[in-house]
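First the proteins, then the strands, lettered A, B, ... as listed; each starts at 1.
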There are 2 protein chains.
Amino acid sequence: MARLREFDEDRALDAAVDCFWNRGYEATSVRDLAREMGIGGASLYNAFGGKRALFERVLERYANRSTRERIARLEASHRPREAIRAFLAEVIDRSLKDRDCKGCLLVNSALDVAPHDAELGRVVTGYLEEIRSFFRRNVEAAIAAGETPRGTDAEALSIHLLGVLMGMRVLSRTGARRRTLEAVVQPALDLLEKPH
Amino acid sequence: MARLREFDEDRALDAAVDCFWNRGYEATSVRDLAREMGIGGASLYNAFGGKRALFERVLERYANRSTRERIARLEASHRPREAIRAFLAEVIDRSLKDRDCKGCLLVNSALDVAPHDAELGRVVTGYLEEIRSFFRRNVEAAIAAGETPRGTDAEALSIHLLGVLMGMRVLSRTGARRRTLEAVVQPALDLLEKPH
DNA sequence: CGAATTTTAGTGCAATCGTTCCAGAATCGC
DNA sequence: GCGATTCTGGAACGATTGCACTAAAATTCG
C-alpha cells in the first residue's frame with residue numbers, strides 16, 4: 001500500500017531518550033532530536049506527531065527500559081529487603097558510571113516540565129508512584145517475613161525511600177561521589193534492618 | 001554626574017527571582033524578565049549585564065533571602081537539634097503554601113542549568129554546601145550536648161539530611177501533600193532522637 | 001546654565017524555535 | 001506497470017530568542 005519506514009523506531013526513540021535526558025525538554029530542539037535520531041524533521045512529525053508527543057513516548061520508553069525493567073529483574077531474583085537494597089545500589093552504580101551526570105529522566109522531568117504541563121505531570125507522577133509501589137510492596141513483604149524492626153510502617157517508609165531516592169538523584173546530577181550518595185541512602189536502608 | 005536609576009534594583013531582582021523560580025532558566029526569556037521587572041530590555045543589560053549574569057545575581061539573592069536568612073534565624077533562636085527540625089518544618093510549610101509548586105530555586109537549578117554550565121554548577125553546589133554545613137554544625141553541637149544516639153556520625157548524617165531535603169523538594173514540586181513530605185523527612189529527624 | 005554622563009524606551013538583528021509544506025522516492029494491491 | 005499511499009530530505013513558515021544600537025530624557029558637576 002505504501003512506502004515502508006526506513007528507520008528503526010525503537011532505535012530512534014532511544015536516541016530521543018538520550019537527547020531529552022541530557023539536555024531537558026525545553027533545551028532540546030526538534031532539529032537536535034532529528035539529527036541525533038538520524039531522521040528528517042518531517043519523519044519525526046510523521047512518526048511521532050511532534051516534540052511533546054515524542055516526549056511522552058520517550059518517558060514511556062525510559063520507564064519501561066530503565067525503571068520497570070530494574071524493578072522486575074530485582075524483584076524476581078532477590079528477597080524483599082535485598083531487592084530494595086539492590087535497587088538503590090544499582091542506581092548509585094549507574095549514576096557514578098554516567099560521566100554526563102544525567103541523573104534520572106523522571107526526576108529531571110518532575111522539576112522541569114511537570115509543573116508547567118499538568119498532563120505530563122500526571123504521567124511523571126504515575127511513574128514515580130510505580131517506584132514507590134515497588135518499595136511499599138517489598139517493605140510489606142519484609143514485614144510479613146518478620147525481617148524488619150517492630151512497628152515498621154510500610155506506607156510511611158515507602159514514601160521515605162522514594163524521597164531519599166529523589167534526593168540521591170539530585171545530588172548525583174551535581175557530580176557527587178560514591179561516598180556522598182551512599183551516605184544519603186544508608187540510613188534509609190538501616191530502617192529495614194533489625195537493631196542489634 | 002549622571003542620571004539616577006529610576007527602578008529599585010532590589011525590587012527588580014526579586015521579580016527576576018520569581019521569573020526564574022517559576023519557569024526555570026531556559027524557559028525564561030529576557031523579555032519576560034524585563035516585563036516582570038518593570039524595566040526595559042536595555043536597562044536590564046545596562047544594570048545586570050545580560051541573562052546569565054542576572055541569573056547569578058538571582059541565585060545570590062535567593063540564597064541570601066531564603067536559605068541564609070532561615071539558617072541564621074533558626075540557628076540564633078533554637079538549640080541545635082531543634083534548629084534542624086525547624087528548618088525542615090519551615091520548608092515543608094512554605095512548600096505547601098506555594099500554589100505554584102516552585103520548589104527550591106537551588107534544587108531546580110542544580111538539575112536544570114548546573115550540568116550544562118560548570119561555573120553556575122559550582123555556584124549552586126556551593127549554596128547547597130552551606131545548607132549541609134548548617135546541618136553538620138548542628139548535628140555536631142547536638143552530639144557534643146549528648147542529645148543524640150550513641151555513634152552518630154555528623155558528616156554522614158549531614159549528607160543524609162541534605163539528600164532528604166533535596167528529595168522532599170522534588171516531591172513538593174510534583175504537588176505532594178503534607179503527609180507525604182512529612183513522611184519523607186520524619187525518619188531522618190528520628191536519627192537525632194535518642195531511642196526510648 | 002552648559003557639559004558630561006548614564007538611564008530610558010523602542011527598534012533592529014541574526015539566529016533559532018516548533019511546525020508545516022512540498023516534490024520526489026519507495027512500496028503495496030491490483 | 002499503475003494508482004494509491006506513505007515515506008523521505010529540504011526548504012520555508014511565522015514567532016521568538018538573546019543581544020545591540022539609537023536617540024531622547026534626566027541628573028550632577030563646574
Roughly how many Å is it from [atom1] in [X] to [atom2] in [N], rounded to a whole number?
X	N	atom1	atom2	answer
A/I39	C/dT19	CD1	P	14 Å
B/R35	C/dA9	CZ	C1'	16 Å
B/K51	C/dA15	NZ	C1'	15 Å
A/Y45	D/dG9	OH	P	16 Å
A/F48	C/dT20	CZ	P	16 Å
B/E9	C/dT6	CD	P	15 Å
A/L54	C/dG18	CG	P	11 Å

Among A/R137, A/E129, A/R136, which one satisfies side chain to side chain donor-acceptor pair (under 3.5 Å) with A/S133?
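Filter result, single survivor: A/R137.
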
Would A/S95 and A/D98 count as having a side-chain donor-acceptor pair, cut-off 3.5 Å?
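Checked: A/S95/A/D98 side chains show no N/O donor-acceptor pair below 3.5 Å.
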
For the aromatic rings, using the six-membered ring if either is Trp, is the centroid distance between A/Y62 and A/Y127 under 6.0 Å?
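When the ring centroids of A/Y62 and A/Y127 are compared, they turn out to be at least 6.0 Å apart.
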
By nearest heavy atom, map B/R52 and A/R31 onto DNA chain D; which one lands nearer the 5' end?
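In this pair, the answer is A/R31.
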
Residue whose nearest DNA chain D nucleotide is more 5′ - B/S29 or A/L44
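The residue closer to the strand's 5' end, by nearest nucleotide, is A/L44.
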
Begin with the C-alpha distance, continue with both residues' side-chain angles, and end with the deciding distance and a verdict on salt bridge (Lys or Arg N to Asp or Glu O under 4.0 Å) for B/E119 and B/R122.
CA-CA 5 Å; B/E119 190 186 334; B/R122 280 188 292 273; 5.6 Å; no

Please pick, from C/dT8, C/dC21, D/dG18, the nucleotide with the shortest atom-to-atom distance to any side-chain atom of B/N46.
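Looking only at side-chain atoms, B/N46 lies closest to C/dT8.
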
What nucleotide, of D/dT8, C/dG10, C/dT19, holds the atom closest to the side chain of B/A42?
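Shortest atom-to-atom distance from the side chain points to C/dG10.
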
Under 4.0 Å, counting only non-hydrogen atoms across every strand here, what does A/V30 touch: a base, just sugar-phosphate, or nothing?
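If one applies the 4.0 Å heavy-atom cut-off, A/V30 turns out to touch a base.
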
Nearest-nucleotide 5' precedence on DNA chain C, A/G41 against B/G40:
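Of the two residues, B/G40 wins.
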
